[in-house]
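Throughout, a chain's letter reflects where its sequence line sits, starting with A, and its residues are numbered from 1.
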There are 2 protein chains.
Amino acid sequence: MSEHDQTNRPRTSPTLNDVAKLAKVSTATVSRCLNNPSQVSKAKRERVMNAVRELGYAPNFGAQALAAKRTNTFGAIIPTMDNAIFARGLQAFQEELGRHGVTLLVASSSYSPELEEEQIRALVARGADALLLIGHDRTADSYAFLEQRRIPYVVAWTFNEAQSRPSIGFDNHKAMKRLMDHVLRLGHRDIALITAPRVGNDRARERFEGVQAAMQAQGLDPASLQIVETPYSIQNGAMAFEGLMSGPARPTAVICGNDVLAAGAMTMAQKLGIDVPGEVSITGFDDIEVAEIVSPGLTTVHVPHRNMGRGAARLLIELRNGEVTQSRVELQADLKLRGSLGAAPS
Amino acid sequence: MSEHDQTNRPRTSPTLNDVAKLAKVSTATVSRCLNNPSQVSKAKRERVMNAVRELGYAPNFGAQALAAKRTNTFGAIIPTMDNAIFARGLQAFQEELGRHGVTLLVASSSYSPELEEEQIRALVARGADALLLIGHDRTADSYAFLEQRRIPYVVAWTFNEAQSRPSIGFDNHKAMKRLMDHVLRLGHRDIALITAPRVGNDRARERFEGVQAAMQAQGLDPASLQIVETPYSIQNGAMAFEGLMSGPARPTAVICGNDVLAAGAMTMAQKLGIDVPGEVSITGFDDIEVAEIVSPGLTTVHVPHRNMGRGAARLLIELRNGEVTQSRVELQADLKLRGSLGAAPS
DNA sequence: CGCAAAAATGTAAGCGCTTGCATTTGAAAA
DNA sequence: TTTTCAAATGCAAGCGCTTACATTTTTGCG
């Protein structure tokens, strides 16, 4: 099939070669013209650019990747696309990358470290130059793979003193502790926590520890904390809340691992006719849009999603370029007090 | 930098050739072993697989794409990642693709046809074998480009009799008309519509036309419909609603182009102390999670997000494989009646 | 046991691009 | 004008993989 059609290839996209012929220069010159215009004389550059335009030439990604060993594509692996937790941050991440000519590939791991490892390999195989990862928890093999391949990555959505990897985020422990301090100051002593499964999820774990720390600081027995573990979803939040409120030790404050769970709790409270915050206070974490929609408004921790996304993009680009920088960035996550948190009923 | 390390390349990833040597077969056999195992004898296959495992071999994407002219990567371009409208559908889309060994690349166009065209080119350049697009509205150049490159695509989130392109979705016009029929049946005559900008957004336009059609069918003057156009966001929904309710002709029913706008309207109603549905009814479109959270629950049109995503994936895979199929699929979008819609106040 | 057909394997030609190195060109310097 | 040197350009060797085609090995049957 390749012995003819040397001259006119009807519906295949034009190649570097075609451009070179039209412009009557070598392919090398065309390539340089596109990637390093400064090395080419003005006259030729114009001839080449015209040819490019005339042919509607666009470089073949695979070939480029193969020859240059660089793809200008970054990857992001987030636990889920199914709710809004990561949406805003990711959008900002993508926008910033776009500004630097980098395309984003997104995959989701469904909160499974094994699946995440697969996705990491898939993205790298597909040429991702660098990766955005969420949280520190993942298989040792995942990290080994990244090191071995020398793939730059940044861990986002968390910041942990104890970790030395490039990362950008906030201190989940600290933020949750601050929220809890406030809750305790309001007189609450019967506390329940609805959290995502903590195994393989350092953010959830750190938030949990923040709750514990606050209780301890206040002289409360951490063992008195009621804990329900359930995957993030409104549905699950509602069910967990229902269980808690119909249980033997009805809490006066239900701390939720994130806003999605809290939203579920809020709607269930409403359905059950339980007054919030009169009978029970509810708090969330993340400050996604939902927090403003429920009524009363949800007291939560405001996470700087867009800043984090943008920052992660910049960090990653710097890492990719080998520019030395501050590769660990802590952002602030402040309390967002709204109506769902009130004084403990007396 | 390449004059030495011919013999032992320490930290470069292993290639097909390395595997072939270790297994003492040709590269062709290794390749077949990986892509068409059935063509290789069991003995060799095992030898090869062992070598693959031992070396931790993973194919180089660029090279594979270059040689095979196929990447097993699909692209999706959605208007925004910033809210939940597309999240669930996309998640299902991705899951289904994953099941078929296809990786998904996502980009977002910010509702701009020009940006979308860029993204289409970018994804194709990066090797996308096929694309998922939202809605029919886009630049002629975008379609021309896709045709010329013979890139399979499917238009989702809408189904329109008049369009002949491969697509999967529901009839926005019909669905909105059905909702409106119901609204009118409840006695509402003073109607307002909060819609996304209709230029470049056929879904929004069709929904709008559905509203008009229902009014006309009822003998109402379509010109009496109050219209506010504003980009999808809770914030904007709230502001639009506020404007409407403080205007001269207060509607008894506010129809929102989607749930995000409606959620904004609902929260604003609450803030203003306007009773829903006592004083004013509010409806949405999409049935995303938010619809269940607001109170009262939001009457909306249920869109089969996950079905649509899964269906789109299957359709696209069939198209890519050149399997002839029914390439136009209409899904049902049914009314979801909740508390936010009531009889018109008398 | 021999032979044709089928199955398994190997050979090698690209795929479209980048880039080190050699060569040519064009000025500036002598 | 000749010489020198930097800038501009071309040449051609890969990058790692797939696949058509040629070759070898197996298998089935008479």
Side-chain angles (χ1 to χ4, degrees), chain A residues 1-6 9 12-48 51-52 55-72 124-127 149, chain B residues 1-6 9 12-48 51-52 55-73 124-127 129 149:
Chain A
M1 72 176 68
S2 70
E3 61 265 316
H4 35 58
D5 81 58
Q6 292 295 53
R9 41 176 75 182
T12 310
S13 23
T15 72
L16 238 214
N17 208 348
D18 300 334
V19 177
K21 268 182 204 144
L22 215 191
K24 301 193 188 309
V25 296
S26 71
T27 60
T29 300
V30 178
S31 173
R32 281 190 281 257
C33 210
L34 262 28
N35 300 314
N36 272 73
S38 69
Q39 295 178 11
V40 177
S41 72
K42 199 173 167 210
K44 293 231 158 108
R45 201 184 323 154
E46 280 171 1
R47 241 161 65 206
V48 170
V52 165
L55 259 38
Y57 169 79
N60 174 305
F61 176 71
Q64 207 166 350
L66 185 56
K69 301 175 174 306
R70 204 158 51 67
T71 62
N72 268 321
V124 170
R126 274 179 175 69
R149 292 284 188 115
Chain B
M1 72 179 66
S2 69
E3 59 267 298
H4 34 61
D5 79 61
Q6 292 296 53
R9 39 175 81 184
T12 308
S13 25
T15 71
L16 237 213
N17 208 347
D18 301 334
V19 176
K21 268 181 203 145
L22 215 192
K24 300 192 189 309
V25 298
S26 70
T27 61
T29 301
V30 178
S31 173
R32 278 190 283 257
C33 210
L34 264 26
N35 302 313
N36 273 75
S38 69
Q39 294 179 14
V40 178
S41 72
K42 200 176 167 208
K44 293 236 156 97
R45 203 187 319 156
E46 279 170 3
R47 243 163 59 207
V48 169
V52 165
L55 260 36
Y57 169 79
N60 173 305
F61 176 71
Q64 206 165 352
L66 185 56
K69 299 174 174 309
R70 206 157 50 69
T71 62
N72 269 321
T73 300
V124 169
R126 272 177 176 70
D129 288 339
R149 291 283 188 114

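For B:T29, taking side-chain heavy atoms from C-beta onward, the closest of the listed nucleotides C:dC17, D:dT9, C:dT9 is C:dT9. The listed nucleotides are D:dG16, D:dA12, C:dA8; the one nearest the side chain of B:T15 is D:dG16.
Between A:V30 and B:R32, the residue whose closest nucleotide on DNA chain C is further toward the 5' end is B:R32. Residues A:V40 and A:A67 each lie close to DNA chain D; by heavy-atom proximity, the contact nearer the 5' end of the strand is made by A:V40. Between A:L66 and A:R45, the residue whose closest nucleotide on DNA chain D is further toward the 5' end is A:R45.
With a 4.5 Å cut-off on side-chain heavy atoms, B:L34 and B:V52 count as touching. For the pair B:T71 and B:F61, the minimum side-chain heavy-atom distance is below 4.5 Å. Within the 4.5 Å cutoff, the side chain of A:C33 has no heavy atoms near those of the A:K44 side chain. Residues B:V25 and B:V48 meet the side-chain proximity criterion, which asks for heavy atoms closer than 4.5 Å.
A close approach under 4.0 Å does not occur between any side-chain nitrogen or oxygen of A:T27 and OP1 or OP2 of C:dG16. At D:dC11, none of the side-chain N or O atoms of A:S26 fall inside 4.0 Å of OP1 or OP2 (strictly under the cut-off). A sub-4.0 Å separation between OP1 or OP2 of C:dT18 and a side-chain N or O of A:N35 is present. Contact check, B:K44 against C:dT9: a side-chain N or O comes under 4.0 Å of OP1 or OP2. In this model, the phosphate group of D:dT18 is not approached by any side-chain N or O of B:K69 to a distance below 4.0 Å at OP1 or OP2.
Contacts of A:A68 with the nucleic acid, taken as non-hydrogen atoms under 4.0 Å apart, involve only primed sugar atoms and P, OP1 or OP2. A:S31 comes within 4.0 angstrom of a base, heavy atoms only. Residue contacts shown for B:Y57 are limited to sugar-phosphate atoms, with no base heavy atom under 4.0 Å away.
C:dA7 atom C1' lies 17 Å from atom NZ of B:K42, rounded to whole Å. The distance from atom CZ of A:R47 to atom C1' of D:dT9 is 11 Å, rounded to the nearest whole Å. Computed from coordinates, the A:N17 CG to C:dG16 P distance equals 9 Å when rounded to whole Å. We find that CG of B:N60 is positioned 7 Å from P of D:dG16, with the value rounded to whole Å. Going from atom NZ of B:K21 over to atom P of C:dG10 covers 15 Å, rounded to whole Å. Atom pair B:L34:CG and D:dG16:C1' shows a separation of 13 Å (rounding to whole Å applied). Spacing between atom CG of A:L16 and atom P of D:dT9 amounts to 16 Å, rounded to whole angstrom units. Note: CD (B:Q39) to P (D:dA20) measures 10 Å, nearest angstrom.
Scanning both residues, A:L66 and B:A63, for their nearest heavy atoms gives CD1-CB, 3.6 Å.
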